[in-house]
Protein chains: 2
Amino acid sequence: MNIGLLLYIPYRDLENRIMAAVTAAGFDMTIAQARLLQRINPGGSRLTELAEAAQVTKQTAGFLVDQLEKAGFVQRVPDPTDGRARLVQVTDKAREAVPVADAEMARIEAEWERHIGKRRMAQLRDALEKLGEITDPYR
Amino acid sequence: MNIGLLLYIPYRDLENRIMAAVTAAGFDMTIAQARLLQRINPGGSRLTELAEAAQVTKQTAGFLVDQLEKAGFVQRVPDPTDGRARLVQVTDKAREAVPVADAEMARIEAEWERHIGKRRMAQLRDALEKLGEITDPYR
DNA sequence: TACTTTAATCAGTGTCTCTGACTAAAAACA
DNA sequence: TGTTTTTAGTCAGAGACACTGATTAAAGTA
């Protein structure tokens, strides 16, 4: 079986389940919004940075940040070091969603480990981390 | 690092590269179309089957099949065993794209194996196949 | 100062995906 | 057999997401 599909199937399952958990907890956001949100640095990120990290255009990133801002998950503040730029910062409201996502993630990882075994899980992680070195365009 | 992102990064890289190779060879199709095309059985598939396999609604599958049909990559023929249904079949034109995709896939797999080693590659495949047992909704 | 680059936005468009409502054929059943 | 329910697929409408191209304002550079 095609290695691409093999990678995609568990990925999609994981993403769907985490999004379901997050929205069930009352955090109303979409997958694209969540993907972007994840990439924001602790001190805030510029839109251009964010676009690059998430592998979308600045326009798309701006569109998503608009929605996240409207929903109260991020705020834009002026960048003190550059008058053209603004920093996108995660709000407390969005930070409250993190433990929900983390808990679901832990649940899924435990399930996976139970099914494929501790050894295989460690090997999977190891192989993927090494693979990231040549496939992550942001690295 | 988050196992979801770890899975997603090489997947996206692979998909992008294969699509680039396929479109560069003159086969003008989108990712969504290609995903659906992959799922069509040798003897043809019903729309409902296809939708289930690709995890989209019947409407979405129909929309994509319309486009694939317009581009000449599939044809719809009546299902002899069911007057309501039609079989979506892959055309020769689409079949010509397969070796292009396969060649790119082989190239990528070779690169990956060169970077992470034969042993890790085998472990990755093994772990993912086992994981598919619990994460593939179509299985 | 004049020119170039960079950060972000505005305008417009195409693709993908969904929900809901519908038609027609097949299957189930009374 | 005739009626009801299920199944296969389509039509209509809407929203989300992604793109290209053009523009504005600030910063950096010659």
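Just so we're on the same page: letters track the sequence lines, and every chain starts at 1.
- Put simply, the side chain of B:N41 never gets that close to the backbone of B:G43: no donor and acceptor are under 3.5 Å apart.
- In this structure a side-chain-to-backbone donor-acceptor pair under 3.5 Å is missing from A:T23 to A:D28.
- Residue pairs meeting the ring pair (Phe, Tyr, Trp, His ring centres under 6.0 Å) criterion with at least one partner in residues 11-50 of chain B, sequence neighbours excluded, are A:Y8-B:Y11.
- Listed by residue number, there are no residues of residues 66-73 of chain B with a heavy-atom contact under 4.0 Å to DNA chain D.
- Near-neighbour residues of DNA chain C inside residues 42-58 of chain B, defined by a heavy atom below 4.0 Å, number-ordered: B:V56, B:T57.
- At C:dA8, none of the side-chain N or O atoms of A:R76 fall inside 4.0 Å of OP1 or OP2 (strictly under the cut-off).
- Between A:E129 and A:R125 there is a salt bridge, since at least one side-chain N of the basic residue sits less than 4.0 Å from a carboxylate O of the acidic one.
- Within residues 23-41 of chain B, the residues that have a heavy atom under 4.0 Å from DNA chain C are, in order of number, B:T30, B:A32, B:Q33.
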Close N or O pairs between protein and nucleotides 22-28 of chain D (under 3.5 Å):
{"residue": "D:dA27", "atom": "OP1", "partner": "A:G83", "partner atom": "N", "Å": "3.0"}

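- Between B:K130 and B:E133, at least one side-chain N (NZ, or NE/NH1/NH2) sits under 4.0 Å from a carboxylate O, which counts as a salt bridge.
- A:L68 pairs in a side-chain contact (heavy atoms from CB on, under 4.5 Å) with only one of the listed residues (A:V90, A:V74, A:T30), which is A:V74.
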For nucleotides 3-5 of chain D, which of its nitrogen or oxygen atoms have a protein nitrogen or oxygen under 3.5 Å away, and what is each distance?
none

